[in-house]
Structure formats: C-alpha cells, structure tokens
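These notes concern the structure reproduced below.
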Amino acid sequence: MQLVVDSLTGNVRRFAQAVAQAAGGLTVQGVQEARPQEPYLLLTYTFGQGEVPASTQAFLRRHSSGLCGVVSSGSYHWGANFARAGALIAAEYRVPLVAQINKSGTAADREQVLTWLRAAAAPLPHPQRTPTWTPGLN
C-alpha cells in the first residue's frame with residue numbers, strides 16, 4: 001500500500017515518513033506528484049475551520065478509486081473542528097477514518113495507523129532484522 005500525503009507545514013509528511021519507515025519502507029508521495037496505481041492511504045491536514053484542503057480535493061477528484069482510508073491532522077485548539085477533514089473525506093468516499101492526529105502525531109498514533117495498515121493491506125514488508133547472537137550450550 002502506498003501513502004499519499006498533503007502537508008502544508010510538514011507535520012503530515014513527517015508523520016507519513018515515520019509510518020512508512022516503521023512499516024518497512026512504504027512509498028510516500030505528495031498529492032502533487034502521486035499517480036497511485038495501487039490502493040493507498042491518504043494523509044492530509046485540516047484547513048481553516050475544519051475544511052478539506054483544495055489540493056486534497058483536487059487529488060481525490062482524479063484518484064479516488066484507490067482510496068482505502070484517511071488520516072487527518074489538525075490542532076487540538078480547534079475544538080470540534082480538530083482534524084475534521086478526515087471525517088469529511090471518510091463520509092464522502094465511504095472509507096475508514098484511520099486516525100485523527102494532533103500536528104505530527106505521537107508514537108501511539110503511528111502504531112494505530114500501522115495496525116490498520118497491517119489489517120487492511122496486503123502483507124507489509126517486514127524490516128530486515130539482524131539476528132542477535134546468543135551463546136548457547138554446546
């Protein structure tokens with residue numbers, strides 16, 4: 001699964017990159033250059049008084065068929081409009097609202113998204129782990 005990002009301040013992009021790395025190297029592309037050929041998770045910010053950014057709307061008009069879920073970012077100080085763009089997208093396109101994160105999210109937010117990705121997508125690549133040598137009985 002691919003991660004498609006719309007980030008105004010860099011918070012959403014940082015979050016997506018952290019998720020991609022933790023998932024073993026998923027592809028992260030911005031809405032300006034993304035041409036998804038596979039299912040994708042959209043990560044976007046919330047604009048103004050809880051609106052979907054125009055750039056996200058334009059991307060979805062062209063590429064909504066691969067949309068599998070949405071993560072939205074915002075700031076808690078917006079109260080009821082906190083990360084509202086995700087709820088609006090989820091309702092309009094009938095996909096899960098995977099997470100609403102404050103700014104660039106937390107480790108718990110990343111784990112929530114990773115759990116969803118593992119459940120919703122084809123098996124994710126597992127990070128290469130170097131075997132740990134332990135002395136054994138000979």
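We're numbering straight along the sequence, starting at 1.
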side-chain contact (heavy atoms from CB on, under 4.5 Å), that's the test. Do Tyr93 and Cys68 meet it? Break it down for me.
CA-CA 9 Å; Tyr93 293 95; Cys68 291; over 6 Å; no
Let me see the working for Val113 and Phe15 under side-chain contact (heavy atoms from CB on, under 4.5 Å), right down to the final yes or no.
CA-CA 10 Å; Val113 174; Phe15 180 80; 3.8 Å; yes
Step by step, would you call Val5 with Gln29 a side-chain contact (heavy atoms from CB on, under 4.5 Å)?
CA-CA 6 Å; Val5 176; Gln29 287 190 309; over 6 Å; no
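Residues Leu26 and Gln2 fail the side-chain proximity criterion, which asks for heavy atoms closer than 4.5 Å. The side-chain heavy atoms of Leu97 and Ser72, taken from C-beta on, include a pair separated by under 4.5 Å. Proximity of Leu3 to Leu42: side-chain heavy atoms (C-beta onward) are nowhere separated by under 4.5 Å. Under the 4.5 Å side-chain criterion, counting only non-hydrogen atoms from C-beta, Val4 is not in contact with Leu41. Counting heavy atoms from C-beta on, the side chains of Ser75 and Lys103 come closer than 4.5 Å. Looking at Val12 and Asp6, their side chains never come closer than 4.5 Å, going by heavy atoms from C-beta outward.
Transitive grouping of hydrophobic side chains (ILVMFWY, heavy atoms separated by less than 4.5 Å) keeps Leu43 and Leu67 in distinct clusters. Leu88 and Trp78 fall into different hydrophobic clusters, where Ile, Leu, Val, Met, Phe, Trp and Tyr residues are linked whenever their side-chain heavy atoms come under 4.5 Å apart, directly or through other members. Val71 and Val31 are assigned to two separate hydrophobic clusters, defined by single-linkage of ILVMFWY side chains at heavy-atom distances under 4.5 Å.
Rounding to the nearest 0.5 angstrom, the gap separating the CG atom in Asn102 from the NE2 atom in His77 is 10.0 Å. The distance from atom CZ of Arg14 to atom OG of Ser7, rounded to the nearest 0.5 Å, is 7.0 Å. Put simply, CD1 on Ile89 and OG on Ser64 are 11.5 Å apart, with the number rounded to the nearest 0.5 Å. Here the OG atom belonging to Ser104 is positioned 8.0 Å from the CZ atom belonging to Arg110, to the nearest 0.5 angstrom.
Of the possible polar contacts, none joining the Asp109 side chain to the Ile101 backbone as a donor-acceptor pair under 3.5 Å is found. When atom types are taken as modelled, the side chain of Gln112 and the backbone of Val98 share a donor-acceptor pair closer than 3.5 angstrom. Using modelled atom types, one side-chain atom of Glu33 and one backbone atom of Gly30 make a donor-acceptor pair closer than 3.5 Å. Here the side chain of Thr46 pairs no donor or acceptor atom with the backbone of Gly74 at under 3.5 angstrom. Within the 3.5 Å criterion, the main-chain N or O of Arg35 finds a donor-acceptor partner in the side chain of Gln37. Remark: side-chain polar atoms of Gln57 are paired, donor with acceptor, to backbone N or O of Val52 under 3.5 angstrom. Judged purely by atom type and a 3.5 angstrom limit, Arg84 has no side-chain atom pairing as donor or acceptor with the backbone of Ala80.
No hydrogens or angles considered: nothing links the side chains of Ser73 and Asn11 as a donor-acceptor pair under 3.5 Å. Side chain to side chain, Thr56 and Thr44 meet the donor-acceptor criterion of an N or O pair below 3.5 Å.
Of all non-hydrogen atoms in Ala34 and His63, the two that sit nearest each other are O-NE2, 3.9 Å.
Counting only residues at least two apart or in different chains, ring-ring contact (aromatic ring centres under 6.0 Å, His included) contacts with residues 30-57 comprise Tyr40-Phe59.
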